[in-house]
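For reference, the structure discussed in these notes is given below.
Convention: sequence-line order gives letters A, B, ...; per-chain numbering from 1. Note: hydrogens, waters and symmetry copies are ignored here, and every other heavy atom, side chains too, is used.
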2 protein chains.
Amino acid sequence: MKRFTKHTIKNSLKRIFMYRSCLMRLKMIGVEKVYSYTLADETGVTADQVRKDFSEYGITGNKKGGYEVNDLIEKLEKIFHRNKDHNIVLIGMGNIGTSLSRYNNFIHRNMNIVATFDIDPFKQKTRSEIPVYAMSRLKEIIDRFRVKVAIIAVPEISAQEVADELIQAGIKGIINFAPVLLKTPGDVIVNNINLCDELESVIYYVHSQMKSTGAKNLELLYRGMKY
Amino acid sequence: MKRFTKHTIKNSLKRIFMYRSCLMRLKMIGVEKVYSYTLADETGVTADQVRKDFSEYGITGNKKGGYEVNDLIEKLEKIFHRNKDHNIVLIGMGNIGTSLSRYNNFIHRNMNIVATFDIDPFKQKTRSEIPVYAMSRLKEIIDRFRVKVAIIAVPEISAQEVADELIQAGIKGIINFAPVLLKTPGDVIVNNINLCDELESVIYYVHSQMKSTGAKNLELLYRGMKY
DNA sequence: ATTTAAATGTGAAAAGATTCACAAAACACA
DNA sequence: TGTGTTTTGTGAATCTTTTCACATTTAAAT
Ligand SMILES: NC(=O)c1ccc[n+]([C@@H]2O[C@H](COP(=O)([O-])OP(=O)(O)OC[C@H]3O[C@@H](n4cnc5c(N)ncnc54)[C@H](O)[C@@H]3O)[C@@H](O)[C@H]2O)c1
Ligand SMILES: NC(=O)c1ccc[n+]([C@@H]2O[C@H](COP(=O)([O-])OP(=O)(O)OC[C@H]3O[C@@H](n4cnc5c(N)ncnc54)[C@H](O)[C@@H]3O)[C@@H](O)[C@H]2O)c1
């Protein structure tokens, strides 16, 4: 019966990524030293949690002295092998694909979209910094740039088909913007981003809050993490 | 010390949204009846979990007979007061903002971006289906359309400032694409979408997997939900 | 009408995540 | 050098989520 395995990223790991991106920001504005509660404050978790997370991943600071920002970033980079560049491909140069291809923050974090692909020959002629290739050249480019991670930004109907092609070409990780759950082999991770669902959940929350001032019903559905 | 409350949406509620969008899709392709394992299969969770979630929200089906798709959708709509339209505003008509403003799926799910805003006077002249207003008209429009939810798609540096203006104007829910944690009062929910972090976590996963074939280290960091 | 098979629905058990609480370390200052 | 203060690091306790297991219901088959 088992068709595929859905990998869910541990909460603690997600938070570690938050800490990292927060540290980069703090570094940029000249902060040199942080305490567990500094990071807590910036990321919306508790200081206990920050320390517990660090403990889980074997990251240590200085008793009383907190953590050196540079040192901490370096430790995280090492643990997450993020010191080298990563080549990415993007499939589907439509609305969202084009905007993602122009997103500078990816590059700032050593993630380079080296090539994009589209079936539409018209899109392939687009003047853009990153080349837009025909789908027929997928494997060639993926091999050449040793790409392991891809972004899917094609319509829902084509998403599974494109995922299959990508996996065939050796891709091991996918960020999927199409609102479908892709079926992939166990060794290929998929991270689905469903913006409609995200927006709906906010609407739902706002609605619930407006209805029940008594927070009785709300309590049931939401958990407030205080700090 | 407490500055704000971070609301995290319950996992079960997120899954309920997945079930819903999945049911809509199944309905479109003509499916009339589903079982807990059908939904499990489509959404990547276990059948037990689907039933447990339904149980939590008081949704029932027919023993042996599964669930009627129409009936189930209706129950979800009722519970989530999603039968009426919701007006949304979007701030920042740059790369991602523009692509979001053109995203059809929002409308298909009764979420209408009624107006967009930008400080750049040039952007305000853009020919687009949805009007682009100056920030000075924020409160006026939000009041007129009774908007409660906003999308922030402005640069990191301006995000907090824009959030403050929105809250001033009566907004109660925010989807934030800027990679910063917004500080908001307890009754305003924020859903942060951080695409860099999402992409990084995929890269991290792929890397770990390639290093440790023994799955020993992996086991520590990822949890595989089978079904 | 009776049996069989296939689902649901839900307490109870297990696993996982968060918070608590406090000992240990280290800095500051007398 | 010693005393007080601040912050880390981590087991233990608590709280939440998921999985298990099975009684219950119902549709279909005989
Ligand atoms: N626009 C948004 O803001 C937004 C937001 C969230 C999710 N999405 C999702 O992202 C996907 C793309 O949305 P969009 O608005 O950019 O759509 P779009 O139609 O503007 O772009 C889709 C692109 O994919 C290309 N394409 C189609 N089939 C292909 C195939 N088999 N191989 C390669 N390329 C192919 C098309 O030529 C087109 O350029 C959809 O699944 C949508 O639901 C979009
Ligand atoms: N481009 C992407 O694919 C992408 C992906 C994820 C997240 N983001 C994030 O989304 C945000 C926008 O990214 P972008 O690439 O669209 O940037 P952009 O520069 O293309 O667009 C930003 C827009 O916001 C407007 N703006 C700036 N300050 C404003 C203010 N105070 N009030 C109103 N409008 C203001 C600008 O005029 C501009 O039109 C950034 O925070 C970015 O990190 C972008």
Side-chain angles (χ1 to χ4, degrees), chain A residues 1-2 5-19 23 31-69 71-72 75 79 218-227, chain B residues 1-2 5-19 23 31-41 43-69 71-72 75 218-227:
Chain A
M1 197 62 203
K2 184 177 142 186
T5 306
K6 182 169 165 187
H7 295 275
T8 50
I9 289 162
K10 273 184 109 178
N11 290 353
S12 58
L13 185 60
K14 281 196 199 157
R15 285 194 301 267
I16 290 276
F17 281 109
M18 294 205 314
Y19 304 147
L23 284 163
V31 177
E32 288 178 359
K33 203 160 112 184
V34 294
Y35 302 104
S36 57
Y37 55 79
T38 321
L39 286 173
D41 218 47
E42 292 292 321
T43 56
V45 303
T46 64
D48 290 335
Q49 182 111 73
V50 173
R51 295 203 305 280
K52 190 79 179 171
D53 288 340
F54 283 176
S55 166
E56 186 181 348
Y57 294 95
I59 292 162
T60 63
N62 320 303
K63 297 235 159 146
K64 179 138 192 194
Y67 309 82
E68 296 269 344
V69 170
D71 188 45
L72 198 46
K75 272 174 179 155
I79 291 174
L218 250 176
E219 198 79 57
L220 187 79
L221 296 164
Y222 290 91
R223 194 161 42 93
M225 292 184 354
K226 288 140 218 110
Y227 77 101
Chain B
M1 196 61 201
K2 184 177 141 186
T5 306
K6 183 170 164 186
H7 296 276
T8 49
I9 288 160
K10 271 185 110 180
N11 291 352
S12 58
L13 184 60
K14 283 195 195 158
R15 285 194 301 268
I16 290 276
F17 281 110
M18 294 206 315
Y19 304 148
L23 283 163
V31 177
E32 287 177 358
K33 203 159 114 184
V34 294
Y35 302 104
S36 57
Y37 54 80
T38 320
L39 286 173
D41 217 46
T43 56
V45 303
T46 64
D48 290 335
Q49 183 110 72
V50 172
R51 295 204 306 280
K52 191 78 180 171
D53 289 340
F54 283 177
S55 167
E56 183 180 350
Y57 295 96
I59 292 162
T60 63
N62 320 303
K63 295 238 158 141
K64 178 139 191 194
Y67 309 81
E68 297 268 344
V69 170
D71 187 44
L72 199 45
K75 273 176 179 155
L218 250 175
E219 197 81 56
L220 187 80
L221 297 163
Y222 289 92
R223 196 160 42 95
M225 289 181 359
K226 289 140 218 108
Y227 77 100

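Between the CG atom of B/Asp48 and the P atom of C/dA15 there is a distance of 15 Å, rounded to whole Å. C/dG11 atom P lies 18 Å from atom CZ of B/Phe54, rounded to whole Å. The distance between atom CD1 of B/Ile59 and atom P of C/dG9, rounded to the nearest whole Å, is 10 Å. Look at CZ on A/Arg51: it is 13 Å from P on C/dA21, rounded to the nearest Å. Between B/Tyr19 atom OH and C/dT8 atom P there is a gap of 12 Å when expressed in whole angstrom units. Here the P atom of nucleotide C/dA28 and the NZ atom of A/Lys64 are 7 Å apart, to the nearest Å. Spacing between atom NZ of A/Lys33 and atom P of D/dT7 amounts to 9 Å, rounded to whole angstrom units. Regarding B/Tyr57, its OH atom lies at a distance of 12 Å from the C1' atom of D/dT17, rounded to whole Å.
Side-chain nitrogen and oxygen atoms of B/Gln49 include none within less than 4.0 Å of the OP1 or OP2 phosphate oxygen of D/dT17. Distances shorter than 4.0 Å separate none of the side-chain N or O atoms of B/Tyr35 from OP1 or OP2 on C/dA6. The phosphate of C/dT18 (OP1 or OP2) has a side-chain N or O of A/Arg15 nearer than 4.0 angstrom. Close to D/dG9, at under 4.0 Å from its OP1 or OP2, lies a side-chain N or O of A/Tyr67.
Of all nucleotides listed (D/dG4, C/dT19, D/dT17), D/dT17 comes nearest to the side chain of B/Lys10.
Using a 4.0 Å heavy-atom criterion, one finds that B/Gly65 contacts no nucleic acid atom at all. Residue-level contact check: B/Ser12 touches neither bases nor backbone, having no heavy atom under 4.0 Å from any strand. Within the nucleic acid shown, B/Asn11 comes within 4.0 Å of sugar-phosphate atoms alone, with no base atom in reach, counting heavy atoms only.
For the residue pair A/Ser12 and A/Tyr57, a side-chain donor N or O sits within less than 3.5 Å of a side-chain acceptor on the partner.
Donor-acceptor pairing under 3.5 Å, judged by distance alone, is present between the side chain of B/Lys63 and the base of C/dT8.
Inter-residue side-chain proximity for B/Leu39 and B/Leu23 is flagged as met; some heavy-atom pair is nearer than 4.5 Å.
In terms of position along DNA chain D, the nucleotide closest to A/Ser55 lies nearer the 5' end than the nucleotide closest to the other residue of the pair A/Ser55 and B/Asn62. Across the interface with DNA chain C, nearest-nucleotide mapping of B/Lys52 and B/Ser36 shows B/Ser36 to be the residue nearer the 5′ end.
Of all non-hydrogen atoms in B/Arg51 and B/Tyr67, the two that sit nearest each other are CG-OH, 4.0 Å.
With respect to the salt-bridge test (charged N to carboxylate O, under 4.0 angstrom), the residues A/Glu56 and A/Arg15 do not qualify.
Without hydrogens or angle criteria, A/Lys75 side chain to A/Thr60 main chain gives a donor-acceptor distance under 3.5 Å.
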